[in-house]
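What's counted below: heavy atoms across the whole structure, side chains too, no hydrogens, waters or symmetry copies.
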Amino acid sequence: MSETTETTQASEIGWADFEKVLVVAGTVTRVEAFPEARKPAWKVWVDFGPYGEKKTSAQIAALYSAEELLGRQIVGVINFPEKQIGPFRSQFLLTGFPTPEGVVLTAIERPVPNGTRLA
């Protein structure tokens with residue numbers, strides 16, 4: 001099997017597996033530069049409603065300014081273990097799609113309450 005075929009085929013999962021991943025909507029409340037990051041990144045704080053405010057480091061600076069991110073609703077995975085990224089502790093995964101130009105954020109088509117879970 002070629003490497004391309006292996007990387008594009010996905011293993012089937014059951015509904016119970018999907019339910020373990022907490023994918024929720026949140027609103028960006030704060031954005032700061034992250035000069036220590038190896039690739040251009042922002043420190044991003046997000047209000048996830050009943051799940052509270054969480055922070056992450058996101059390599060999205062190539063396509064998004066701090067001003068564009070503030071107040072924007074994003075999609076995050078909030079039940080991964082925390083991860084140390086240089087001097088910063090990341091508490092969730094900001095979802096997006098990698099492109100040659102940079103990561104394109106997962107979009108929410110219209111506003112939903114913070115903390116709304118993907119279904």
*Where is the tightest heavy-atom contact between P50 and G115, given as atom of each residue plus distance?*
CD-CA, 4.0 Å

*asked:* In this structure, would W45 and I85 fall into the same cluster of hydrophobic residues linked by side-chain contacts under 4.5 Å?
replied: yes

_List the residues meeting side-chain contact (heavy atoms from CB on, under 4.5 Å) with A33, not counting sequence neighbours, and say none if there are none._
P35, W42

*Can you tell me how far the CD atom of E82 sits from the CD atom of Q91, to the nearest 0.5 Å?*
4.5 Å

*asked:* List the residues meeting side-chain contact (heavy atoms from CB on, under 4.5 Å) with A25, not counting sequence neighbours, and say none if there are none.
replied: Q73, I108, V112

*Any chance CZ of F80 has more than 12 other-residue heavy atoms, nucleotides or ligands included, within less than 6.0 Å?*
no

*E19: what forms a side chain to side chain donor-acceptor pair (under 3.5 Å) with it, not counting sequence neighbours?*
W15

_Under 3.5 Å: donor-acceptor pair, side chain of T95, backbone of T106_ = no

*Non-neighbouring partners of E36 that pass side chain to side chain donor-acceptor pair (under 3.5 Å), sequence neighbours left out*: none

*Name all residues meeting the side-chain contact (heavy atoms from CB on, under 4.5 Å) criterion together with I78; count only those two or more places apart in sequence or in a different chain, and write none if there are none.*
L22, V24, F48, Y51, K54, F92

Extract all donor-acceptor atom pairs below 3.5 Å that involve side chains of residues 96-105 and protein atoms in other chains or at least two apart in sequence.
from	atom 1	to	atom 2	distance (Å)
T99	OG1	E101	N	3.3
T99	OG1	E101	OE1	3.4
T99	OG1	G102	N	3.2
T99	OG1	G102	O	2.5

*asked:* Distance check, rounded to the nearest 0.5 Å: T27 atom OG1 versus L69 atom CG?
replied: 12.0 Å

*asked:* I want to check something: taking the side chain as every heavy atom from C-beta on, are N114 and T116 in contact at a cut-off of under 4.5 Å?
replied: no

_Pairwise distance OG1(T56) to NZ(K43) - rounded to 0.5 angstrom_ = 12.0 Å

*Shortest non-hydrogen contact from S57 to A41?*
OG-CB, 4.0 Å

_Short side-chain to backbone donor-acceptor contact, Q84 and G86, under 3.5 Å_ = yes

_Any donor-acceptor pair under 3.5 Å from T29 side chain to D47 backbone_ = no

_If hydrophobic clusters are built from ILVMFWY residues whose side chains come within less than 4.5 Å, do I74 and Y64 share one?_
yes

_Taking the side chain as everything from C-beta on, heavy atoms only, tell me whether V46 gets closer than 4.5 Å to L94._
no

